[in-house]
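Report on the following structure.
One-based numbering, in listed order, for ligands and for the atoms of each. Residues: numbered from 1 along the sequence shown. Everything numeric in this text was worked out from a predicted model, so none of it was measured.
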Amino acid sequence: MTARLLDGKAIASEIREELAKDVAAFTQCSGVTPCLAAILVGDDPASDVYVRNKRRACEKTGVDSQLHRLPVETKEDELLALIGALNTAASVHGILVQLPLPKQIDETRVLDAVHALKDVDSFHPENVGLVSQGRPRFLPCTPHGCMQILHRSGIEASGKHAVVVGRSEIVGKPLASMLVQRNSHLGPTAANATVTVCHSRTANLAEITRQADILVAAIGQAKFITADMVKPGATVIDVGINRTEEGLVGDVDFDAVKKIAGTITPVPGGVGPLTIAMLLANTLTAAKLQNA
Ligand code: GUN
């Protein structure tokens, strides 16, 4: 048996089409075009690709975009000054600081400096708190993308055992928090999971992952999840994007796991495209909040 493939590209394109209509309606009635400002410090090639894809997706959806490129030797205060200026710019609704940042810059200080109403990544402590309390202002993009893939593919989370491998602030922690809520903007079936979060110090990891009805791999290590770690018929969501000699590969050993799983996301073409679609959704939300 081979697992059903979940086509993230197709789902992202469907969401972008819906968003383009919502953006057009908002712009027509308010006279405001949502605008996303991205800040890229240094010349990390992967970040370059992300930022280029973001810009293209903005264009397709009717969202304005700005790109602020700063050299790799930029000082923290210079970056904070730019964020301060964007925080007060009425024409900018969303601010995204592309990660990773160069070593001389304190990431937490910088992310905390983004105005909470313009924080389209949902990294600000106020927005993290709201997500954790189940009353989100902005949903974090990659976890929200995972929820959309599940929901739009007819896979319910309610009552299932979801095992999230990885406890990052960007994916693992917020996704676990979203899965365990009583309700969600996608309804109670896209919530109410029994959630286990695993990490590098988890004992008997495979024993736990084998109990997962929904297994999310967000570790950042190529092909970390092997076939023996997966329950037959499980849904496997691969959040990993690892650059290897054989090209882009996920955190799941795809060729082996697809023979065991019931449903699986590929890499590339799985969760990745959803992250940008959800970023655009947050930019529209930000523009609405700032023009209420
Ligand atoms: N770098 C990799 N993923 C992300 C993301 O979701 N947001 C930001 N700001 N930077 C990233």
Side-chain angles (χ1 to χ4, degrees), residues 8 12 15 35-58 63 65-70 72 74 76 79-80 82-83 86-87 92-103 105-116 118-125 127-128 131 136 138-149 164 166-175 177-178 216-222 237-243 248-251 267-268 270-283 285-286:
I15 293 174
C35 176
L36 172 68
I39 305 175
L40 179 55
V41 187
D43 39 27
D44 176 51
S47 293
D48 225 45
V49 174
Y50 284 140
V51 167
R52 210 175 322 133
N53 289 342
K54 278 169 194 159
R55 173 176 281 208
R56 217 174 290 144
C58 282
V63 170
S65 67
Q66 297 180 357
L67 174 59
H68 299 265
R69 272 182 186 279
L70 299 176
V72 69
T74 297
E76 191 175 295
L79 178 54
L80 290 172
L82 172 59
I83 292 170
L86 295 172
N87 278 343
V92 170
H93 307 101
I95 302 171
L96 177 141
V97 182
Q98 186 65 39
L99 302 178
L101 289 166
K103 287 187 182 56
I105 295 176
D106 179 343
E107 190 175 289
T108 304
R109 242 189 116 200
V110 165
L111 297 181
D112 286 0
V114 173
H115 195 294
K118 297 193 176 187
D119 171 37
V120 286
D121 263 323
S122 200
F123 289 164
H124 190 284
N127 291 322
V128 174
V131 170
F138 301 113
L139 286 168
C141 303
T142 302
H144 187 193
C146 294
M147 298 306 296
Q148 288 282 354
I149 289 191
V164 178
R167 56 176 157 183
S168 69
E169 305 297 337
I170 299 187
V171 184
K173 277 196 207 170
L175 180 57
S177 156
M178 288 160 71
V216 181
I219 312 121
Q221 283 188 50
I237 305 290
D238 190 350
V239 180
I241 301 176
N242 306 287
R243 276 153 224 282
L248 278 190
V249 300
D251 289 352
V267 176
V271 175
L274 269 297
T275 297
I276 295 182
M278 302 339 295
L279 174 70
L280 298 172
N282 282 348
T283 305
T285 302

Subject >> Chi angles and distances behind the side chain to side chain contact (heavy atoms under 4.5 Å, CB included) call for Val128, Lys173 >> reply: CA-CA 10 Å; Val128 174; Lys173 277 196 207 170; over 6 Å; no
Subject >> Close residues, ligand 1: non-hydrogen atom nearer than 4.0 Å >> reply: Tyr50, Leu96, Val97, Gln98, Leu99, Asp121, Phe123
**OP:** For residues Asp43 and Asp48, determine if any side-chain heavy atom of one lies less than 4.5 Å from a side-chain heavy atom of the other.
**Re:** no
Just distance, no hydrogens or angles: give the donor-acceptor pairs under 3.5 Å from side chains in residues 93-101, sequence neighbours left out.
{"unit_1": "His93", "atom_1": "ND1", "unit_2": "Cys35", "atom_2": "N", "d": "3.0"}
{"unit_1": "Gln98", "atom_1": "OE1", "unit_2": "Lys54", "atom_2": "NZ", "d": "2.5"}

**OP:** Using salt bridge (Lys or Arg N to Asp or Glu O under 4.0 Å) as the criterion, list what pairs up with Arg55, not counting sequence neighbours.
**Re:** none
**OP:** Only counting residues at least two apart or in another chain, list the ones meeting side-chain contact (heavy atoms from CB on, under 4.5 Å) with Ile149.
**Re:** Leu6, Ile11, Ser153, Ile237, Thr265, Val271, Leu274
Original post:
Within a strict 4.5 Å, meaning less than it, do heavy atoms of the Met147 and Leu139 side chains meet?
Top reply: no
